[in-house]
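Only one structure is covered here, and it is reproduced in the block below.
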Amino acid sequence: MMGHIPEETTSFVGRHEELARLDTALATHRLVTLTGTGGVGKTRIAQRAAARTAARAAPRFPDGVWWADLSTLDNADLLLATVSDAVDLSDHSPRMPVEALCEWLADKRLLLVLDSCEHLIDECSELVGELLTAAPGLTVLTTTRRPLRLVGEDLVEVGPLDVDGEDALTLFTRRVADTAPDALTAPGAAEAAVALCRRLEGIPLALELAAAQVGPAGVEDVAARLGRRFEVLARSGFVWPPRHRTLRTTIGWSHELCEPVDRLLWSRLTVFRGPFDLAAARAVASGGPLAEHAVAAGVERLVAQSVVRRDGHRYRMLETIREYGQEWLRELGEERELADRHAGHFLAMARRADNLWSTGEQARCYRQIDEVHTDLRTALDHLLVAEPARAAELTGLLCFFWTCCGHLKEARRYLERALAAHDTPGPEHTRALCALGVAVTLQGEYPAALRISDLATRAAARDGDKEAQFAAAYVAGLLALLTGRAEDALDLVDASLAAVPGWAFDSPSRLRCHLVGVFALTGLGRLPEARARALELRQHCAQLGEVWTLSYLEYQLALIALFQAEPQEAAGHARTMLESKRLLGDAFGIALGLDLLAAALAAQGRGEQAATVYGVGETYWRSVGHPQRGTPELRGVREQCESAARASVGDAAYDRAYRRGAVEYGRTALTRAISDEPPAQR
């Protein structure tokens with residue numbers, strides 16, 4: 001089954017009644033909402049319910065179970081983008097995002113989990129209402145501290161673990177056993193554990209924080225110290241609701257037990273909205289009494305305290321704990337300073353990634369940029385207000401990474417905002433203008449792209465920046481290619497390259513201009529010349545380990561082979577292209593490559609396999625929000641080969657094979673499409 005559910009990182013305890021209730025609710029309602037206070041375990045229950053649903057109910061949700069984490073959002077600006085990412089929609093069209101999302105989900109039967117909706121409750125309610133109306137096969141499970149209040153919403157309230165049963169005690173003792181098993185056998189430990197679970201009212205997060213204190217202190221000591229804290233707060237006239245008070249008290253107690261330098265680290269780490277690694281923590285959180293070399297040990301101490309959680313090779317903080325740390329950051333008066341450091345770190349990362357574009361580090365940089373997508377958005381939101389020039393620079397640097405990672409709409413939106421905020425002529429403005437030209441061109445808005453391209457060309461000439469001139473030439477050349485003006489494209493990039501002689505791999509924009517030249521030569525029918533240039537560039541890409549340009553060179557070599565009646569060679573190049581595009585996660589490139597592979601298969605007389613691959617390609621075209629696209633010369637090849645495939649197997653067999661491919665999507669479908677085995681042998 002397709003989909004994505006976050007992996008559980010610790011053992012799951014109890015919740016049999018809630019899970020049974022959820023099983024029934026998800027089978028009978030299209031909107032199910034888990035409600036409860038912070039720290040009570042809504043996310044964990046939703047994870048387990050989603051996994052159970054995926055394992056048991058494939059016939060009901062053949063299009064998978066998908067998870068969207070909304071806790072990373074400060075506001076609703078990127079709500080649609082986050083949900084679209086979660087369901088694998090990489091829409092490249094200029095449509096309104098909600099329209100694209102509704103159309104993508106309209107014929108699907110899937111379960112969508114929206115986790116942590118409470119801070120965006122009105123916007124989530126509106127979005128869920130629209131999606132449920134547009135997609136009759138959609139079921140939505142939400143977690144929130146407040147219900148959405150939509151008609152048909154089935155509420156499942158999540159309370160603490162039963163302190164009179166075994167679950168609360170089991171959770172506490174399991175967490176203690178993970179780090180200090182001997183503490184559970186000490187005299188009085190069992191009775192103290194029971195008393196502690198009652199004192200903490202069975203709230204899972206409170207129990208985990210308390211369990212993290214056992215080891216340096218015994219269970220009895222932890223229970224006694226926590227009890228004294230509750231007594232002090234009771235005398236101070238605490239007025240929060242009981243469960244909120246219990247959790248708040250436990251978090252505050254954990255905070256007091258930290259060393260002062262770890263409290264400082266806790267507050268500073270709250271600047272990260274998504275998972276972070278140690279390099280980011282050192283760069284952003286060190287300073288003053290917190291030395292850079294001490295950050296790693298501090299993070300590990302916070303992990304031991306259950307304040308920070310491991311997330312693969314990265315770390316993250318639960319939202320409830322993050323909220324507490326943010327209050328201390330405000331008290332320290334460091335909010336602006338940390339936001340500046342955070343933005344500076346991610347701008348430096350984008351600069352490094354851009355410098356490594358034409359090297360073997362390119363694919364690693366793609367993955368890194370994709371991993372920190374949430375924090376890049378946070379950095380941009382800060383820079384747009386605090387330092388618009390740096391915001392323009394960052395958006396320009398991210399354009400190619402984000403478009404290949406499926407964030408084209410976000411790239412365009414941020415570029416337009418950055419250019420509006422920073423309209424002063426200069427390198428940052430020009431680069432952002434060139435990047436906007438690429439984004440608008442890829443969305444198919446060619447008249448608007450032409451206007452932007454002209455502005456970028458003039459700005460680059462004014463700046464006298466050769467790299468900017470290459471970037472502007474690339475935009476103009478790409479636009480000319482896609483609008484059927486191959487000769488103009490060749491003239492534009494050749495003139496730019498001739499003006500500043502150098503090696504193709506000297507800079508990213510220079511290399512892209514060389515790629516446009518290969519495309520243009522193919523479009524002009526100068527196939528031997530196009531092939532020679534492509535092979536030369538491909539050799540260097542392979543030696544350096546560069547992936548993006550290599551993938552499009554393979555695309556061109558496949559197209560040239562088809563024009564030269566070498567379909568087997570064409571299929572080989574198309575498969576190599578698809579492997580590269582799969583590595584980058586480039587849905588638009590995968591759609592192009594599948595069309596070319598299908599054409600090559602049809603030209604070999606493998607009509608049924610060609611139809612299936614065309615069908616898989618159709619799902620990718622839908623995911624990017626466009627009908628089949630590409631340079632004009634590809635259209636004729638596609639039409640001719642599709643007709644040949646139909647003729648070879650007959651309309652009925654072709655349509656069956658096409659439908660078989662069209663209902664598949666994702667890695668498995670792509671692997672099958674790339675396979676050289678005929679369908680009957682799979």
| message | Quick check for you: to the nearest 0.5 Å, what is the distance between C365 atom SG and L584 atom CG? | response | 11.5 Å
| request: Please report the C-alpha distance between S116 and E118 in whole Å, then the side-chain angles of each, then the deciding distance to 0.1 Å, and finally whether the side chain to side chain contact (heavy atoms under 4.5 Å, CB included) criterion is met. | output: CA-CA 6 Å; S116 300; E118 54 274 344; 3.8 Å; yes
| said: Among L398, D77, D85, exactly one meets side-chain contact (heavy atoms from CB on, under 4.5 Å) together with E410. Which residue is that? | reply: D85
| said: Under the criterion side chain to side chain contact (heavy atoms under 4.5 Å, CB included), I'd like the reasoning laid out for H119 against E319: C-alpha separation, chi angles, the key distance, then a yes or no. | reply: CA-CA 11 Å; H119 60 306; E319 189 61 19; over 6 Å; no
| note | Heavy atoms of D63 and R109 approach each other most closely as OD2-N, 2.8 Å
| request: Please determine if R21 and D154 form a salt bridge, counting it only when a charged side-chain N lies under 4.0 Å from a carboxylate O. | output: yes
| Mind checking whether R310 and V303 have side chains closer than 4.5 Å, heavy atoms only? | yes
| field | Cationic N near anionic O, under 4.0 Å, E371 to R367 | value | no
| said: Does any part of the side chain of L138, heavy atoms only, come nearer than 4.5 Å to the side chain of R30, both counted from C-beta? | reply: yes
| Any side-chain donor near an acceptor of the partner, R60 and T53, under 3.5 Å | no
| query | Is there side-chain contact between L78 and T374, with at least one heavy-atom pair below 4.5 Å? | reply | no
| query | Does any non-hydrogen side-chain atom of Y324 lie less than 4.5 Å from one of T270? | reply | no
| request: Would you name the heavy atoms of P275 and R316 that are closest together and state the gap between them? | output: CA-CB, 4.4 Å
| Chi angles and distances behind the side chain to side chain contact (heavy atoms under 4.5 Å, CB included) call for Q47, D115 | CA-CA 9 Å; Q47 278 181 273; D115 184 37; over 6 Å; no
| Under 3.5 Å, side chain of E153 to main-chain N/O of L148, donor-acceptor pair present? | yes
| Do you know which two heavy atoms are closest between V214 and A183, and how far apart they sit? | CG1-CB, 3.4 Å
| query | How long is the span from the NE2 atom in H255 to the CH2 atom in W328, to the nearest 0.5 Å? | reply | 5.0 Å
| Shortest non-hydrogen contact between E123 and A76, atoms and distance | CG-CB, 3.4 Å
| When the aromatic ring centroids of H373 and H407 are compared, is their separation below 6.0 Å? | yes
| task | Measure the spacing between CG of D167 and CG of L169 and express it to the nearest 0.5 Å. | result | 10.0 Å
| Nearest-0.5 Å distance, CD of residue Q326 to CE of residue M317 | 9.5 Å
| said: Between T10 and R174, is there a side-chain donor-acceptor contact under 3.5 Å, judged purely by atom types and distance? | reply: no
| request: Using a 4.5 Å cut-off on heavy atoms from C-beta on, say whether the side chain of T33 contacts that of L31. | output: yes
| Under 4.5 Å between any side-chain heavy atoms of V13 and P204, yes or no? | no
| Just wondering, do R225 and L257 contact through their side chains at under 4.5 Å, heavy atoms? | yes
| query | So, the side chain of K42 versus the backbone of G36: is there a donor-acceptor pair under 3.5 Å, distance only? | reply | yes
| request: Evaluate the side-chain proximity of W66 to D88: yes if any heavy-atom separation is below 4.5 Å, no if none is. | output: yes
| said: Other residues, nucleotides and ligands only: do more than 12 of their heavy atoms fall within 6.0 Å of CD on E166? | reply: no
| note | When every non-hydrogen atom of S286 is compared with those of E292, the smallest separation belongs to CB-CA, 3.6 Å
| query | Are R263 and E331 close enough, and set up right, to give a salt bridge (Lys or Arg N to Asp or Glu O under 4.0 Å), and what steps lead you there? | reply | CA-CA 12 Å; R263 292 180 209 163; E331 288 290 325; over 6 Å; no
| query | What's the verdict on side chain to side chain contact (heavy atoms under 4.5 Å, CB included) for V372 and R314, showing C-alpha distance, side-chain angles and the deciding distance? | reply | CA-CA 11 Å; V372 300; R314 302 165 72 78; 3.2 Å; yes
| Charged N to carboxylate O under 4.0 angstrom, R377 versus D381? | no
| For the residue pair L161 and L207, what are the closest heavy atoms and their distance? | CD1-CD1, 4.4 Å
| query | Does the pair E208/R309 count as a salt bridge with the N-to-O cut at 4.0 Å? | reply | yes
| request: May I ask you to check whether over 12 heavy atoms, not counting those of E126, lie within 6.0 Å of atom CD? | output: no
| query | Is it true that atom CZ of R149 has more than 12 heavy atoms of other residues, nucleotides or ligands lying nearer than 6.0 Å? | reply | no
| Rounded to the nearest 0.5 Å, how far apart are CD of E327 and CG of L332? | 12.0 Å
| said: Evaluate S11 against R175 for side chain to side chain donor-acceptor pair (under 3.5 Å), listing each step before the verdict. | reply: CA-CA 9 Å; S11 59; R175 296 299 181 262; 3.0 Å; yes
| task | Give, for atom CG of L247 and atom OG1 of T37, the distance between the pair rounded to the nearest 0.5 Å. | result | 7.0 Å
| query | Can you check whether S71's main-chain N or O pairs, donor with acceptor, with R273's side chain at less than 3.5 Å? | reply | yes
| message | Treating D375 as the side-chain partner and G274 as the backbone partner, does any N or O pair qualify as donor plus acceptor under 3.5 Å? | response | yes
| Parallel, tilted or perpendicular for F272 and F346, by the 30°/60° rule? | perpendicular
| Is it true that a side-chain atom of Q362 and a backbone atom of V547 form a donor plus acceptor pair closer than 3.5 Å? | yes
